[in-house]
Amino acid sequence: IKNKNKIILVPTAHDEPPIYLKIFDDVFARTGGFVFNAPEEKEFAEKRFAIGEVRSIVAGMGVELPAGLKPLSDEFKKKHTLEDYVVYAGRIDEPKGCKEMFKMWAEYKRIYPSNLKLVLMGKAEIELPKRDDILMLGFVSEEEKYNGISGAECMLIPSAFESFSIVLLESFLCDVPALVNEKSEVLKGHCLRSNGGLWYENDAEFVEGLHLICTKENIRKRLGANGHEYVQKEYSWPKILTRILTFLENQVAQLS
């Protein structure tokens, strides 16, 4: 395409080794507009590819409950014989920070013994610890996922590489706070803007952050309510589509 203004890229970029391959220099240089998922993604891409003068927008994605679905946390707890638990949802793999999460979980339970369990949803790409306080569910339906999230004390997201994190916003939508890896600027940014979650830099902060959320009900509920309000305000589909369509209309106007 001779006119690069006809090319719009949704890069979902994040700071990990593949983004530094030379092929991406050419891709970003030939693009006339960018639709980013988060302010932190935009900041990283502009720094990495020197595209600050190119038209762009931070749009994000729509995050809403499936039509007619009302999460049933009590049903989920009864089905899996659970009381208090925290949840991880997504690919269970070392690049997602899961190996580190399991280590920190063991440390948490050593310091603060309790009946709290860690529920895992998703495909396991690594060997899981053989512990009575970890429950592996594998792939689950959308209904089961939301039922499980809604009954959790908090969502754990140990990944250091994210461009948006749908599961974080799904957790917020269910009034459930999150504990996230500070190394992910996107995750930390969502928590800062929403005041819906905490972040940790090291094992000790993970342990104390999780203990705070799980033992201070007033803080947990306030964080959850803040997160819910944030998602409704910023990430409903009508708002996302308005942002993108307005951007595209302005981009088309540049072609005339």
Side-chain angles (χ1 to χ4, degrees), residues 10-16 18-19 34-45 48 57-66 71 86-101 104 118-123 125 139-140 142 145-146 148-150 152-201 205-206 209-210 213 220 223-237 239-240 243-244:
V10 184
T12 63
H14 40 280
D15 191 1
E16 59 180 331
I19 200 70
F34 296 93
V35 178
F36 295 107
N37 282 327
E40 294 78 17
E41 182 201 2
K42 180 177 186 292
E43 182 179 347
F44 166 70
R48 164 67 182 89
I57 187 176
V58 176
M61 294 177 57
V63 179
E64 298 175 343
L65 289 173
V86 297
V87 65
Y88 171 88
R91 194 175 79 249
I92 304 165
D93 203 358
E94 188 167 355
K96 285 290 187 180
C98 293
K99 188 174 181 180
E100 184 71 13
M101 178 180 68
M104 293 186 295
L118 169 57
V119 174
L120 306 174
M121 302 179 185
K123 182 180 180 181
E125 303 287 351
F139 285 118
V140 297
E142 281 289 286
K145 178 183 71 174
Y146 279 110
I149 292 174
S150 67
E153 303 292 288
C154 83
M155 171 71 72
L156 300 181
I157 310 182
S159 173
F161 307 113
E162 298 293 332
S163 66
F164 184 60
S165 187
I166 295 173
V167 73
L168 172 61
L169 300 184
E170 289 176 334
S171 178
F172 285 171
L173 193 60
C174 293
D175 293 88
V176 174
L179 181 61
V180 309
N181 190 341
E182 184 186 50
K183 292 179 181 177
S184 170
E185 293 292 338
V186 169
L187 294 176
K188 182 180 177 181
H190 279 310
C191 289
L192 277 168
R193 287 187 292 277
S194 67
N195 197 21
L198 305 180
W199 55 91
Y200 61 88
E201 183 180 4
E205 289 187 359
F206 175 93
L210 184 57
I213 291 174
R220 182 172 67 251
L223 290 172
N226 290 342
H228 183 94
E229 183 180 358
Y230 173 70
V231 175
Q232 287 194 317
K233 180 181 178 182
E234 298 293 337
Y235 295 107
S236 68
W237 271 117
K239 288 200 172 185
I240 300 303
R243 290 172 189 164
I244 293 176

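All values below were derived from every heavy atom in this structure, side-chain atoms included, with hydrogens, water molecules and symmetry-related copies excluded.
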> Report, as yes or no, whether the 6.0 Å neighbourhood of atom CD on Glu234 holds more than 12 heavy atoms from other residues, nucleotides or ligands.
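Atom CD in Glu234 is crowded, with more than 12 foreign heavy atoms closer than 6.0 Å.
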
> Among residues at least two apart in sequence or on other chains, which ones pass side-chain hydrogen bond (donor to acceptor under 3.5 Å, both in side chains) with Arg193?
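Scan of Arg193 (side-chain hydrogen bond (donor to acceptor under 3.5 Å, both in side chains), adjacent residues dropped) gives Glu40, Tyr230.
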
> Does a sphere of radius 6.0 Å around CD1 in Ile166 hold more than 12 heavy atoms from other residues, nucleotides or ligands, not counting ones at 6.0 Å or beyond?
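No, not enclosed.
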
> Taking only residues two or more places apart in sequence or in another chain, which ones pass side-chain contact (heavy atoms from CB on, under 4.5 Å) with Lys42?
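Partners of Lys42 by the side-chain contact (heavy atoms from CB on, under 4.5 Å) criterion, ordered by chain and then number, come out as Phe36, Glu46, Ser56, Val58.
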
> Identify the heavy atoms of Gly196 and Phe172 that sit nearest to each other, and give their distance.
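In this case the closest contact between Gly196 and Phe172 is O-CE2, 3.2 Å.
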
> Check salt bridge (Lys or Arg N to Asp or Glu O under 4.0 Å) between Lys99 and all other residues, then give those that pass, not counting sequence neighbours.
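If we apply the salt bridge (Lys or Arg N to Asp or Glu O under 4.0 Å) test to Lys99, skipping adjacent residues, there are no hits.
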
> To the nearest 0.5 Å, what is the distance between CG on Leu168 and SG on Cys191?
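Reported value, rounded in 0.5 Å steps: 5.5 Å.
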
> Can Arg220 and Glu153 be said to form a salt bridge (Lys or Arg N to Asp or Glu O under 4.0 Å), step by step?
CA-CA 8 Å; Arg220 182 172 67 251; Glu153 303 292 288; 3.2 Å; yes

> Got a sec, which residues hit ring pair (Phe, Tyr, Trp, His ring centres under 6.0 Å) with Tyr200, two or more places apart in sequence or on another chain?
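Result, ring pair (Phe, Tyr, Trp, His ring centres under 6.0 Å) vs Tyr200: Phe206.
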
> Working note: Phe44 + Val186, criterion side-chain contact (heavy atoms from CB on, under 4.5 Å); need CA distance, chi angles, decisive distance, verdict.
CA-CA 10 Å; Phe44 166 70; Val186 169; over 6 Å; no

> Taking side chain as C-beta onward, heavy atoms only, is Leu120 less than 4.5 Å from Met101?
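Yes; the side chains approach each other to less than 4.5 Å.
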
> Is Leu156 close to Leu210 at the side-chain level, that is, under 4.5 Å between some pair of heavy atoms?
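Yes. Closest side-chain heavy atoms under 4.5 Å.
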
> Could you grab the distance from atom OG of Ser171 to atom OH of Tyr146, nearest 0.5 Å is fine?
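Separation between the atoms: 10.5 Å.
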
> Output yes when a side-chain donor or acceptor of Glu64 lies under 3.5 Å from a complementary backbone atom of Trp237, and no otherwise.
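Side chain of Glu64 to backbone of Trp237: a pair is present.
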
> With a sphere of 6.0 Å drawn around CD of Glu94, does it hold more than 12 non-hydrogen atoms of other residues, nucleotides or ligands?
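Check fails, neighbour count at 12 or below.
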
> To the nearest 0.5 Å, tell me how far Ser163 OG sits from Ile19 CD1.
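One gets 10.0 Å once the value is rounded to the nearest 0.5 Å.
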
> Between CZ of Phe164 and CG of Leu187, what distance do you get to the nearest 0.5 Å?
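Phe164 CZ to Leu187 CG: 11.0 Å, rounded to 0.5 Å.
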
> The criterion is side-chain contact (heavy atoms from CB on, under 4.5 Å); which residues satisfy it with Asn195, sequence neighbours excluded?
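In terms of side-chain contact (heavy atoms from CB on, under 4.5 Å), with neighbours along the sequence ignored, Asn195 is linked to Leu223, Asn226.
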
> Which value, rounded to the nearest 0.5 Å, describes the distance between Phe34 atom CZ and Ile57 atom CD1?
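Phe34 atom CZ to Ile57 atom CD1 measures 14.0 Å (nearest 0.5 Å).
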
> Supply the atom-to-atom distance Phe139 CZ to Lys123 NZ, rounded to the nearest 0.5 angstrom.
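Atom-to-atom, Phe139:CZ and Lys123:NZ are 6.0 Å apart.
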
> Which heavy atom of Gly148 sits nearest to which heavy atom of Met121, and what is that distance?
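Taking Gly148 first and Met121 second, the nearest heavy atoms are CA-CE, 3.6 Å.
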
> Restricting to pairs with a member in residues 178-187, which pass side-chain hydrogen bond (donor to acceptor under 3.5 Å, both in side chains), not counting sequence neighbours?
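For residues 178-187, and leaving out neighbouring residues, the side-chain hydrogen bond (donor to acceptor under 3.5 Å, both in side chains) pairs sorted by first residue read Glu182-Lys188.
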
> In a check of side chain to side chain contact (heavy atoms under 4.5 Å, CB included) between Met61 and each of Val10, Leu169, Asn37, which one passes?
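With Met61 as partner, side chain to side chain contact (heavy atoms under 4.5 Å, CB included) holds for just one option, Asn37.
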
> Do you know which two heavy atoms are closest between Tyr235 and Ala59, and how far apart they sit?
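Shortest heavy-atom contact: CE2-O, 4.4 Å.
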
> Would Glu170 and Lys145 satisfy salt bridge (Lys or Arg N to Asp or Glu O under 4.0 Å), going step by step from the backbone distance to the final call?
CA-CA 10 Å; Glu170 289 176 334; Lys145 178 183 71 174; 2.9 Å; yes

> Looking only at heavy atoms, which two atoms of Pro177 and Ile213 are closest? And how far apart?
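For Pro177 and Ile213, the tightest heavy-atom pair comes out as CG-CG2, 3.9 Å.
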
> Please check if atom CD in Glu229 has more than 12 non-hydrogen atoms from other residues, nucleotides or ligands closer than 6.0 Å.
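No, because the 6.0 Å sphere around CD of Glu229 holds 12 heavy atoms or fewer from other groups.
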
